[in-house]
Amino acid sequence: MSIRALWVVSQEKGEPGKLGIFPETVLHATSCRMHTHGQDRPKPYVEVRDDYARQHRSPAVELRLDGPGGRTLWPLLTVTQGALILACLPLVEAPPEPRPPLPSLASVSQGLALLSGLQDFLCGPGGKPEPDVLASRLAALPSVLLQVCPLGRPLDTPPPAGSVPAAVAPSPGGAQKQPAWKAGVHRGRAVVSVALTEKVRSMQYGKSSVLPNVTVTLTLPPNGSPLQDILVHPCVTSLDASILTACSVDENDCSAFSGPYKFPFSPPLELFRLCSYTSQVPVPPILGSYQLKAEENHLKANVVLKLHESVKNSFEYCEAHIPFFNQNLMGSVEVKVSSGQLEVSKEKSLLVWVLGQKFPKSREAALEGTVHFSGTVAGPTDPLCTGLTAYIKLYFRVADLTLSGCCVDQHSVQVYSSAKPRIVTTRELVSSEYYIWNSTGDAPVSSGAVTASH
Amino acid sequence: MTITDLWDQKISAFQLSPSQFLATTTSESFLAELLHELRNDKANDHLKILLVSVLLDHPTILCPSSSVGEETALELLSVFSHTPQKSIILKCNVMLAITNVIICTSCLANHTKMAEDWLDLLFQMIQDTNDYRCGLSQQPIRATACDCLREMETCSPGLLSQKLEALYLLKQQETTVLHQSYCMLYTLGLKNAIRILTTQKDVTDLEFKSILGGNEGFAWKSNQLGLTLLPINMMVQVPRLPPGLDCKELKSIMSSLLEESYLQTPISQSALLRELVEVVAMVPGLSPTLFKSQLLRLFGTADVSLMHATLFMKDTFTDSLFTAEDENFLLKRLVGTAQHPLLRIPEKLFYMECILHFPENRPISSSGEESLPVLVTPRLAASLHPTVFNDSATMLCRLNLLCLVHLEADEGEADKGIRYLFEHIMALLKIIDNDGSREVVVTSFRALFIFLMHFNGMENLSEKVIDKLCDMYSRHSRLAPNLIGLANRIQEHLDDPVWSVKLLIGLQKCIMEMPPLQLTIHNLSWHLKVLKRVAQEGQITQRNTIYLLLNILINSNLCERGNWQVGNAVLAVCRNLLEHPSIDQVFIELADLLQYISVHYDDTDIKDHARFYYTLLTNLSWEKLAGVLVKGLDGGRAKERSHSAIMAENEGIASNLTVHKTNRHVLQLIKVQEEASQRSSGSSELLETTGEAKNWLEVYQGQFHTPGFGSDVNLRYNLTHAKDTDPLFDKVFTICLHFELKDSNYAKVNDIHVPCVFRDRKPPEVKVKLKPFQPYPTTLCVSAVFTTQDGRSWHSQLPDVSVSFPEIFLPLPLPPNTSCECKEQVFDRIWEAAASENPDKSAISLFCFKTGDESLADLIKAHFQGYLITDQQSKILWKVLFFLPPMCHVLLKITQAEDAIQVSIATDNWELLPFVNSYLQNITDHCSTTVTDD
């Protein structure tokens, strides 16, 4: 259960940065040297690279080395984030031939967990740190690795970036053992803050044969309507079997259990995701229809957005983005909106419809008009959005609301502690991959998708 | 530039390529520098941590032997004990480095004193739990000590097997976060101790109990298992203790370990669970149901390593821990996590692999190959259907899984599912139609490959795919190489080549039906590639191909343009046609085509080829023709190959035009042994010796104004065959030796040409002329291009030639007839200059040794003969001068003192001293030596 080597490679400079090699783990295996290959000029078809029989569907890749014998490094786990590639080589504690299946190697999941932690550590929640921030985090990495992965043996994941170390007092050293994931005892005011975020994913396509498919993803609830696919943080001490039974993949799921979902846990010092769940909601919070037609040298667009009556008509923000791909840049835009304002992006390839804080009383907003593409400069391209295949993407956030109805009652939070903590609970609904496709164009997916997944 | 920056540069240069870095210095001197800087009190911790990191990363490069490792570890230990208390991180790093060096240089395996002392010290550290007096700041030291011990126990299993009671108590006492480190250490020790006990024949209750109560020394002898401790899922048979042992105590220990497991970080917890699973598997008295209380918590976890450990449990215990219901539940969770929006892509891909290797309670096959668990039904897997929005790895992974699902499914359901997958493939192909970027094309073709591998039997679907592909080809002929690649791969992987043949027929038809406008020069090259591939299929009639080619040539200006590439591509099709089994049906048409080309094509080479093909076609029977065209694989049949070598784009011409590569050594350079006295600098000219009372040093130095004077070292080698080469290489001709330098201390070495090397003849001698910028030892990479008797060219690497330090020695470059007095004068003057440190790189040094059996005179005769300045037979003082190009001198004065022989060394370049030192050490190796450096 060890990692043999760890790399952080920046694609921008093209130079590999080797972070750690753990030679003592190599005692179990034969050693290899690693070379990185420069990116060739892309050629349409190169047999070695593009061989269709070689499967590129595993989390572990194989790296062919230069030199006699043509040796390979396997299993190389990689995570790509922006221009950064994080890679590690887990130790294979097995005879190399025949190649053992990945799930039989203990180090693989540890490597994956280490890479995920490393990604959080380097990139933080935003996912795109400034170069100097990244450089300072990279500089701190060796000492972090000393703690979490001494001699190549993972003990923990690196702490996520931006997690401010809370005021910590040394643990009293009493009879009770201190969890290893909690460095000390919290100093300062005790607060239990429970934030519940539901992310709504939606794919809408206004043809009658295709039903909207909505999946809701969110974070934390101790009671609510049936929640599925619950994954919990390791600090949760015990779980009731009924909590885990609901599963989105199980169509005959007839478990009547609908809470309360209890998660007894002992909190670590940093903010953490206690649990996550998915929930199927029959109707989307905003139902949309998008019709785009080609007329001579311009496009005619017609958009209607309807806010579902169960959703509070009070947004933190709400915007509809209407991008145009594989066209020249926009010329004149004659579009009217019934509510909010319309902006044309600087790049001249995107309309932004700012709906603001509220939908009108009728809970319906419409957009209508024509867009001319007069320029000669080509706009952005997209392999999917050709012809009339086009979409609107919605961005919104509603405070104090969850679609599943799931919520946390302030009084239901039980705390067994000498300190009297303040208890804060919040809820919010955030859009995530919320697409409305043009119903007059071809759907980018075959209609079979829905028949199979429902 | 500060010292830190200098080290920064040096260390990154080393890390980038240790071998290249060490070409300019030696590992000993680099290690010495490192250790020296580590002992420097003024250097800050940050720099020292950087220095230690080199030893952490490359211990075996810096410490090539066990003895060097031991010395280095000792040095580090003294650094460790001199590091102040507050430099915690540095101390931890040094501890890891010591452990690393001890393990990697086999000090631990060989049970050296150093390893023993270090182990004792580590154990003392972990026992010293009284760190409250220094505050918590000292905790990391103890944690690191635990980590070091754990690593040593891993590499030398059983080392701690007699210490378990002590470790257990330490683990129990510890309530700070460190309990995790103690717990992991204890568990590993416990597991290894039990594992070693399983190798014993009869185990009594007493022996079994004594494991847990052990509180003795380290078990150095127990390392009988070596490093072969594989995890139990990798073993054919799980080692087991005999049944009937009293496990009460062990059971309660296991329970308490499990109860507290949630206090550990997820990664450590997963490692702990795996160790405990192995223990339970080895001890029949323990029941797997011990884990029952943890299962629910593990089923719900969001952590990939914990989920993986749960699957390991499942794999090991199957139905003795997991009921059928549990199994069903776990699999459902696994399918759910494989598409959970919260998880990252690599994790989801991993879960999908886990589904395909799911350890079922009742497996149908246990081959270790991918197979679908019986419980995964189309309904369960519905959420894993691939979509065009997936990234390519996820899409391919899901497609593969779903293909397996629908292959196994009941008829009605399968039809629906397969139809969906088919539509998905069509949607992908449609995307290629719109956007042909490489990634999109490759991903889609890979998906198509997966689909066809599973469903090629469904004719209506596979024919629709062919129609679509042909339709696409008619619009995007640049897909030709992709389509050919697909046809080849499918043909290789399916026993039944029908699909590929059908695709190729479709493509041929598609090209025939193209309007002439689309047959532009650019597209034509793609079409010709396809037709060439089509012509390889014996089942496809070729008449249309020939008509088309003739038609194009007659009705376009291709022949007038005379483009060689196009002509060659057309001939390549013809060549495959010549080999086609049904050639007699199209004999006349093909003859017409070849004749037309040979008359009309405006390129002489193409004309000649066409005429040659025409002659072959019209004069030979098909059998003979096929015989001529067949690839000459047999090395001896040179004649046949030279025939087919004339064919365009066939293996023959390719093999004659390309330089073949052989990975084995064919030739090698062997140093010619020569007497040192015979060596001379090639370029020394005759110097006037008549002049009286000249300043000989000035005269000597004056020579260097002549450009190129005394700058070369000539090394003589025999070029011979390497051992055990293929008989093919017994006679090689026109050899061109090419030299690459591994460092920048020498000027580029010119290529050397040798006419031939025969195995049974005297090897030719080659002279390698080296021109040093810095006279350091070096290594030359040598490669050779040569021709074998059958006319093929080869490229082969020769074994590296290393040039040792004494090989660069030259005698004082004065004319041969210079008198001894002159030489001595030059010697003395250089010595004086060096002693007075002028030029400023000068240095003097002293080397002493005792002579053994060999007398001093013999030693001098053997090694310094050609370099002696004094010819006197005094036997008291010898003066020796080594000249090293471009202009360095190493002067030795050897005197016989009372109890030892003293070698005074003077040089005008102190950087040579380490090399001089190791050289002297080398030649006086069997004498006992003492060294005093000045």
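Note that this is a predicted model, so its numbers are computed, not measured. Numbers restart at 1 for each chain; the letters A, B, ... are given by sequence-line order, proteins then strands.
- Contact check for A:L151 versus B:L96: side-chain heavy atoms found under the 4.5 Å cut-off.
- Here the CD1-OG distance, from B:I49 to A:S143, works out to 7.5 Å after rounding to the nearest 0.5 Å.
- For B:L296, the parts sitting under 4.5 Å from any heavy atom of chain A are the backbone and the side chain alike.
- Inter-residue side-chain proximity for A:S109 and B:M307 is flagged as unmet; no heavy-atom pair is nearer than 4.5 Å.
- To the nearest 0.5 Å, atoms OG (B:S383) and CG (A:D229) are separated by 8.0 Å.
- Only the side chain of B:F329 comes within contact range of chain A, with heavy atoms under 4.5 Å apart.
- Under the side-chain contact (heavy atoms from CB on, under 4.5 Å) criterion, A:A106 pairs with A:M1, B:R274, sequence neighbours left out.
- A donor-acceptor pair is defined here as one N or O able to donate and one able to accept, closer than 3.5 Å; such a pair exists between the side chain of B:S268 and the backbone of A:L155.
- Residue contact with chain A, scored on non-hydrogen atoms closer than 4.5 Å, involves the side chain of B:T337 exclusively.
- Distance alone, capped at 3.5 Å, is enough to place a donor-acceptor pair between the B:R333 side chain and the A:I230 backbone.
- Neither the backbone nor the side chain of B:E439 comes within contact range of chain A; no heavy atom of the residue lies under 4.5 Å from a heavy atom of that chain.
- Residues B:R297 and A:P234 have side chains not in contact (no heavy-atom distance under 4.5 Å, counting atoms from C-beta outward).
- Every residue two or more places apart in sequence or in another chain that forms a side-chain contact (heavy atoms from CB on, under 4.5 Å) with A:A60 is listed here: A:S58, A:W74, A:P75, A:L77, A:L102.
- Between A:L112 and B:P346, the closest heavy-atom pair is CD2-CB, 3.7 Å.
- Counting only distance, with no hydrogens or angles, the side chain of B:H308 and the backbone of A:V108 share no donor-acceptor pair below 3.5 Å.
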- request: Show the numbers, then the answer: is there a side chain to side chain contact (heavy atoms under 4.5 Å, CB included) between A:R153 and B:D147?
  value: CA-CA 9 Å; A:R153 189 176 287 276; B:D147 296 337; over 6 Å; no
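- Between the CG atom in B:L342 and the CZ atom in A:R273 there is a gap of 4.5 Å [rounded to 0.5 Å].
- Of the listed residues (B:T394, B:I490, B:V335, B:L263), the greatest number of heavy-atom pairs within a distance under 4.5 Å of chain A belongs to B:L263.
- With a 4.5 Å cut-off on non-hydrogen atoms, B:Q339 touches chain A through its side chain but not through its backbone.
- Using a 4.5 Å cut-off between heavy atoms, A:P100 contacts chain B through its side chain alone, with no backbone atom that close.
- Counting heavy-atom pairs closer than 4.5 Å to chain A, the top-ranked of the candidates B:I267, B:L479, B:L349 is B:I267.
- Both the backbone and the side chain of A:L105 come within contact range of chain B, with heavy atoms under 4.5 Å apart.
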- request: Please report the C-alpha distance between A:Q147 and B:C92 in whole Å, then the side-chain angles of each, then the deciding distance to 0.1 Å, and finally whether the side chain to side chain contact (heavy atoms under 4.5 Å, CB included) criterion is met.
  value: CA-CA 9 Å; A:Q147 274 174 32; B:C92 292; over 6 Å; no
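- A:T78 touches chain B through its backbone: at least one of N, CA, C or O sits under 4.5 Å from a heavy atom, while the side chain does not.
- If you measure heavy-atom distances from A:V236 to chain B, the contacts under 4.5 Å come from the backbone alone.
- Counting heavy-atom neighbours within 6.0 Å of B:I89 CD1, excluding the residue itself, gives a total of 12 or less.
- A salt bridge between A:D120 and B:R344 is present, with a side-chain N of the basic residue lying under 4.0 Å from a carboxylate O of the acidic one.
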message: As a quick check of understanding, evaluate side chain to side chain contact (heavy atoms under 4.5 Å, CB included) for B:Q264 and A:D156, giving each step before the final call.
response: CA-CA 9 Å; B:Q264 304 207 356; A:D156 195 1; over 6 Å; no
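- The shortest side-chain heavy-atom distance between A:T278 and B:P341 falls under the 4.5 Å cut-off.
- Heavy-atom distances place the side chain of B:L343, and not its backbone, under 4.5 Å from chain A.
- Side chains of B:I431 and A:L384 form a contact here, defined as non-hydrogen atoms less than 4.5 Å apart.
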Working for side chain to side chain contact (heavy atoms under 4.5 Å, CB included), residues A:S116 and B:E347: CA-CA 9 Å; A:S116 298; B:E347 288 169 356; 3.0 Å; yes
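- The shortest non-hydrogen separation linking A:L231 to B:A302 is CB-CB, 3.7 Å.
- Note: B:A393 leads B:A393, B:C183, B:S12 in heavy-atom pairs under 4.5 Å with chain A.
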